Amino acid sequence: MLVSLEDHILSICTRSTSNTLLFPVSAALDIERLDLECQFNNTDHRTDLNGVDRLIVRRGQPFTISLYLRSGSFQPGVSSLSFVAETGPQPSEQYGTRASFGLSPDVDTSRWSAAVTSPPGDMVALQICSAPNAPIGRYTLTVGQSKIEFILLFNPWCPADDVFLDDEKSLEEYVLSQDGIIFRGSHQFPQPTPWNFGQFESGILDICLRILDSNPKYLRNPGKDCSGRRNPIYVSRVLSAMVNCNDDKGVLLGKWSGGYDGGVSPFLWRGSVEILRNWDSQACQPVRFGQCWVFAAVACSVSRALGMPCRVVTNFLSAHDTNSNLTIERYIDENGELVQSRDMIWNFHCWIENWMTRPDLKADFNGWQVSDPTPQEKSEGVYCCGPIPVKAIKEGELTFKYDAPFVFAEVNADVVTFMKKKDGSTSKVTTATVVGQKISTKKVGSDAREDITHLYKYPEGSDEEREAFTKANHQNKLLQQLQNAGLHLAIKVTSDMKKGCDFDVFAVVTNNTQSEKMCRLVFGSCAESYNGTLGENCGFKDLLNVGLSPGAERRIPLRLNYSKYGSHLTEDNLIRLAALVVDYSTKEAILAVRHIVLENPEIKVRILGEPKENRKLAAEITLQNPLPEPLENCCFSIEGANLTDQVQIQRPGRKADSTVGPGEDAKVKIYFTPSHSGLRKLVVDFDSNKLCHVKGYRNVIIGK
């Protein structure tokens with residue numbers, strides 16, 4: 001049960017039994033020792049999951065310390081006490097990193113202040129409050145001749161703080177929740193991936209502060225940088241740059257092609273804790289390797305640790321516009337195969353949103369702000385992106401800070417496709433690719449997907465969308481006319497596409513004209529990475545004479561066999577399907593593209609024993625081999641905030657030297673001891689030689 005601040009102060013006051021001695025006028029207090037009341041303060045400030053062995057508080061909210069006097073007693077109006085709060089290596093009142101203040105009758109939550117809340121005696125109960133816009137970080141507080149140290153964080157529960165979020169359930173999710181779901185896959189098949197953010201695990205807050213102290217701006221001018229830490233806009237921009245290592249001693253090195261020798265596959269990570277600890281223990285050398293969801297998840301962990309509300313967002317069919325013309329130009333050959341260009345469309349891309357006010361912009365652009373730590377393009381000479389209000393993207397306000405054109409293009413760019421012919425000529429191809437689909441995040445209080453596309457875009461074809469495009473000078477979209485092609489082409493798939501199975505996909509061609517049509521149909525498939533990089537062919541057919549009578553429909557199957565695609569799949573489990581129809585009579589070419597995700601087998605987790613704090617539990621974990629070939633080197637790993645003692649636990653599936661045949665179960669029992677009560681997520685990873693990085697999870701309610 002939480003104790004009120006008034007009751008706690010009263011309990012402090014009853015500890016003293018010494019006789020009262022009067023001080024002369026303006027006598028300084030003779031302090032013997034101080035009690036920082038960490039248990040109470042950290043619980044009151046919602047930082048107790050960091051531990052209660054040191055003082056960690058949030059700005060703009062009072063905290064209590066107790067002074068025990070060597071001699072004499074506190075006398076109102078007679079006893080004097082001065083305070084100096086300092087942060088950073090060069091504290092300065094000019095930069096706002098040093099504040100001097102004395103005792104006031106009452107605490108003023110709008111500035112640094114202190115007040116005595118106990119009656120006269122040899123124990124003095126003090127309430128101290130930081131300014132709601134004070135820089136976050138490590139502080140030294142001088143109380144008379146004594147010094148104490150504490151950590152100050154953003155306070156989204158404080159109405160005067162720029163990160164204030166007035167919704168308790170959202171605060172539970174976006175600040176206090178240590179685990180979550182990140183969506184990957186494709187827009188037709190969003191795949192939930194569990195993640196352990198672990199922002200309150202031992203040592204993580206110190207690592208997050210070290211990240212701030214390692215950024216180039218701090219190294220150039222630490223006083224100015226520490227001053228900037230009062231502003232969540234500044235901090236989020238620093239984190240966007242520091243989570244990647246392209247310009248600095250950042251946390252993660254990205255890798256999107258080739259193998260992962262010398263590091264860890266991005267698909268292997270289950271959470272941020274190991275990544276952050278590796279960076280810290282390796283003298284700030286970048287951890288190898290990350291991709292977009294890993295960059296975003298680590299940035300989310302750091303944001304929440306520092307007190308900024310944060311969520312991971314996935315944009316499906318995300319455009320990467322390198323020349324800022326809001327157009328993605330793609331080229332195919334006469335077989336419909338994509339010719340790579342620098343402009344790309346990623347099957348999905350993850351970034352984060354931080355909640356904050358934007359006093360630097362005009363009204364109504366407070367709230368969620370996009371920040372992207374994945375290194376794609378430079379912003380003001382540094383690989384970072386944001387923060388930019390989500391509303392600015394929706395309204396087409398591309399002059400707003402920061403990086404609005406790039407983010408706007410990710411969700412709104414026009415896609416123009418050309419065919420490069422053997423004779424060197426090019427012709428435009430009709431296609432219906434729409435970027436920025438099913439923009440997703442985890443729902444508050446649930447593992448379900450929340451579609452937030454409406455926060456980024458107006459409905460397609462609406463007057464509001466047209467107005468936003470006009471404001472953004474998006475001429476291609478404004479001039480784009482719906483084309484009622486004589487031929488219509490679509491790709492259809494079955495609902496049951498599991499890794500290891502053989503299945504059919506279909507190109508469906510419809511003749512919407514009143515005349516006979518003779519066409520060429522090319523239907524191909526290839527393995528694909530989530531960022532649009534293409535791999536090997538998984539199946540292909542070329543039909544030179546496809547006849548269609550008026551109004552007729554032809555359904556052409558393409559068989560995808562595991563024996564063909566199995567060895568070509570990337571760890572994304574993605575296959576790109578592309579169908580190209582060429583009308584011989586009009587020379588018109590129509591392209592249809594679809595991205596399919598092959599489903600991994602389910603990991604089943606059964607908890608054995610009564611889940612309670614500090615009581616040993618067992619997780620019985622099972623996975624059935626779905627492949628028509630045996631699995632070797634099978635290994636299960638588990639990880640969970642406040643579940644696995646801050647480390648991942650690995651166990652081989654069955655015996656380390658055994659194989660798991662087709663249809664057989666890989667099974668293991670792993671023991672762990674929860675350290676805190678509440679709803680926790682046990683994240684599971686299965687790895688083997690043929691079936692890699694299969695993720696699963698089980699929500700566990702831990703009792704006291």
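Because the structure is a prediction, the values reported are computed rather than measured.
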Handout entry: Pair Thr570, Glu528: side-chain N/O donor-acceptor within cut-off below 3.5 Å
Key = no
Problem - Pair Asn412-Tyr456, side-chain donor/acceptor within less than 3.5 Å - result: no
Problem - Sequence-distant partners of Phe418, ring pair (Phe, Tyr, Trp, His ring centres under 6.0 Å), two or more places apart - result: Tyr331
Problem - Min side-chain heavy-atom separation Ile151-Val57 under 4.5 Å - result: no
Problem - Shortest non-hydrogen contact between Ala305 and Cys208, atoms and distance - result: CB-SG, 3.8 Å
Handout entry: Salt-bridge present (Asp167, Lys169; N to O < 4.0 Å)
Key = no
Exercise for the section: Would you confirm whether Ser440, through its side chain, and Lys438, through its main-chain N or O, come within 3.5 Å as a donor-acceptor pair? Expected result: yes
Handout entry: Within-4.5 Å side-chain heavy-atom neighbours: Trp157 and Leu171
Key = yes
Practice task
Answer yes or no: is there a side-chain heavy-atom contact under 4.5 Å between Val312 and Phe295?
Solution key: no
Handout entry: Residues Asn354 and Gln369: side-chain donor-acceptor under 3.5 angstrom
Key = no
Exercise for the section: Check whether the side chains of Asp248 and Asn215 place a donor and an acceptor atom closer than 3.5 Å, and report yes or no. Expected result: no
Practice task
Identify the two heavy atoms, one from Phe183 and one from Pro190, that lie closest to each other, and give their separation to 0.1 Å.
Solution key: CD2-CB, 4.5 Å
Practice task
Check the pair Lys443 / Glu173 against salt bridge (Lys or Arg N to Asp or Glu O under 4.0 Å), numbers first and verdict last.
Solution key: CA-CA 9 Å; Lys443 196 171 185 179; Glu173 181 73 52; over 6 Å; no
Handout entry: Under 3.5 Å: donor-acceptor pair, side chain of Thr417, backbone of Thr431
Key = no
Practice task
Classify the ring geometry between His320 and Phe406 as parallel (under 30°), tilted (30 to 60°) or perpendicular (over 60°).
Solution key: perpendicular
Problem - Heavy-atom pair of closest approach, residues Ala409 and Leu326 - result: CB-CD2, 3.8 Å
Practice task
State, without any angle test, whether His595 and Asn347 hold a side-chain donor-acceptor pair at a distance under 3.5 Å.
Solution key: yes
Handout entry: Distance under 6.0 Å and angle within 45° of ring axis: Arg270 vs Trp195
Key = no
Problem - Donor-acceptor contact below 3.5 Å, side chain Lys457 vs main chain Gly436 - result: yes
Exercise for the section: Please identify each residue that fulfils side-chain hydrogen bond (donor to acceptor under 3.5 Å, both in side chains) with Asp161, with sequence neighbours left out. Expected result: Arg59
Handout entry: Contacts of type ring pair (Phe, Tyr, Trp, His ring centres under 6.0 Å), residue Tyr174, not counting sequence neighbours
Key = Trp368
Problem - Gln178-Asn196 side chain donor-acceptor pair, cut-off 3.5 Å - result: no
Exercise for the section: Determine, for Glu464 against Lys394, whether the closest basic-nitrogen to carboxylate-oxygen distance falls under 4.0 angstrom. Expected result: no
Fill in the blank from the handout: Residues pairing under salt bridge (Lys or Arg N to Asp or Glu O under 4.0 Å) where one sits in residues 205-215, two or more places apart or in two chains, turn out to be Arg54-Asp206, Arg138-Asp206, Arg210-Asp280, Asp213-Arg229
Exercise for the section: Report the residues that fulfil side-chain hydrogen bond (donor to acceptor under 3.5 Å, both in side chains) with Ser379, sequence neighbours left out, ordered by chain and then residue number. Expected result: Arg237, Asp403
Problem - Heavy-atom pair with the smallest gap, counting every atom of Val294 and Pro266 - result: CG2-O, 3.7 Å
Exercise for the section: Compute both the distance and the angle, then confirm whether Lys391 meets the cation-pi test with Phe365: under 6.0 Å from the six-membered ring centre, within 45 degrees of the axis. Expected result: yes
Practice task
I would like to know whether Phe154 and Trp355 meet ring pair (Phe, Tyr, Trp, His ring centres under 6.0 Å); could you show each step before the answer?
Solution key: CA-CA 11 Å; Phe154 289 114; Trp355 182 274; over 10 Å; no
Exercise for the section: Could you tell me whether the side chain of Trp351 and the main chain of Ala296 form a donor-acceptor pair under 3.5 Å? Expected result: no
Practice task
Walk me through it: do Ile211 and Val302 pass the test side-chain contact (heavy atoms from CB on, under 4.5 Å)?
Solution key: CA-CA 9 Å; Ile211 289 172; Val302 179; 4.0 Å; yes
Problem - Validation row: Ile181, Thr193 side chains within 4.5 angstrom (heavy atoms) - result: no
Problem - Minimum side-chain heavy-atom gap Asn155-Val163 below 4.5 Å - result: no
Exercise for the section: Before accepting this row, confirm whether a basic side-chain N of the pair Lys217/Asp225 lies closer than 4.0 Å to the acidic partner's carboxylate O. Expected result: no
Handout entry: Arg576 side chain to Arg594 backbone, donor-acceptor under 3.5 Å
Key = no
Practice task
Verify side-chain hydrogen bond (donor to acceptor under 3.5 Å, both in side chains) between Glu172 and Ser177, making sure each step is shown before the conclusion.
Solution key: CA-CA 6 Å; Glu172 286 283 340; Ser177 179; over 6 Å; no
Practice task
Evaluate the salt bridge (Lys or Arg N to Asp or Glu O under 4.0 Å) criterion for residues Glu450 and Lys442: first the C-alpha distance (whole Å), next the side-chain angles of each, then the deciding distance (0.1 Å), finally the verdict.
Solution key: CA-CA 6 Å; Glu450 181 180 0; Lys442 177 186 176 297; over 6 Å; no
Exercise for the section: Answer yes or no: is there a side-chain heavy-atom contact under 4.5 Å between Val435 and Glu410? Expected result: no
Problem - Distance-only donor-acceptor check, side chains Asp162 and Thr357, under 3.5 Å - result: yes
Handout entry: Residue Lys255 excluded, over 12 heavy atoms near NZ under 6.0 Å
Key = yes
Exercise for the section: Would you check, one step at a time, whether the test side-chain contact (heavy atoms from CB on, under 4.5 Å) holds for Leu212 with Leu239? Expected result: CA-CA 8 Å; Leu212 295 181; Leu239 293 182; 3.9 Å; yes
Handout entry: Salt bridge flag under 4.0 Å for residues Asp451 and Arg449
Key = yes
Practice task
Mind running side-chain contact (heavy atoms from CB on, under 4.5 Å) on Trp293 and Phe348 for me, showing each step along the way?
Solution key: CA-CA 9 Å; Trp293 71 93; Phe348 68 89; 4.1 Å; yes
Practice task
Determine yes or no for a side-chain-to-main-chain donor-acceptor pair under 3.5 angstrom, with Asp372 supplying the side chain and Thr374 the backbone.
Solution key: yes
Handout entry: Student check: side-chain heavy atoms of Lys378 and Cys384 closer than 4.5 Å
Key = no
Handout entry: Flag, side chain of Arg358 to backbone of Pro387, donor-acceptor distance under 3.5 Å
Key = yes
Handout entry: Ring-face cation contact, Tyr260 with Arg288, 6.0 Å cut, 45° max
Key = no
Fill in the blank from the handout: In short, Gly532 meets Met344 closest at the heavy-atom pair C-CE, 3.8 Å
Fill in the blank from the handout: Residues at least two apart in sequence or cross-chain that pass ring pair (Phe, Tyr, Trp, His ring centres under 6.0 Å) with Trp279, listed by chain then number, are none
Problem - Pair Tyr530 + Trp346: ring centers closer than 6.0 Å - result: yes
Exercise for the section: Check for a donor-acceptor pair, side chain of Ser529 on one end and backbone N or O of Asn531 on the other, with a separation under 3.5 Å. Expected result: no
Handout entry: Backbone N/O of Asp463 and side chain of Glu467: donor-acceptor pair under 3.5 Å
Key = no
Handout entry: Residue pair Ile332 / Val429, side-chain heavy-atom distance below 4.5 Å
Key = yes
Exercise for the section: Verify whether one side chain among Gln376 and Tyr383 offers a donor that lies under 3.5 Å from an acceptor in the other. Expected result: no
Exercise for the section: Using only heavy-atom distances, determine whether the side chains of Arg311 and Thr441 contain a donor-acceptor pair under 3.5 Å. Expected result: no
Handout entry: Ser236 versus Ser371, closest heavy-atom pair with distance
Key = O-OG, 3.7 Å
Problem - Ser227 side-chain N/O to Gly223 backbone N/O, donor-acceptor pair under 3.5 Å - result: no
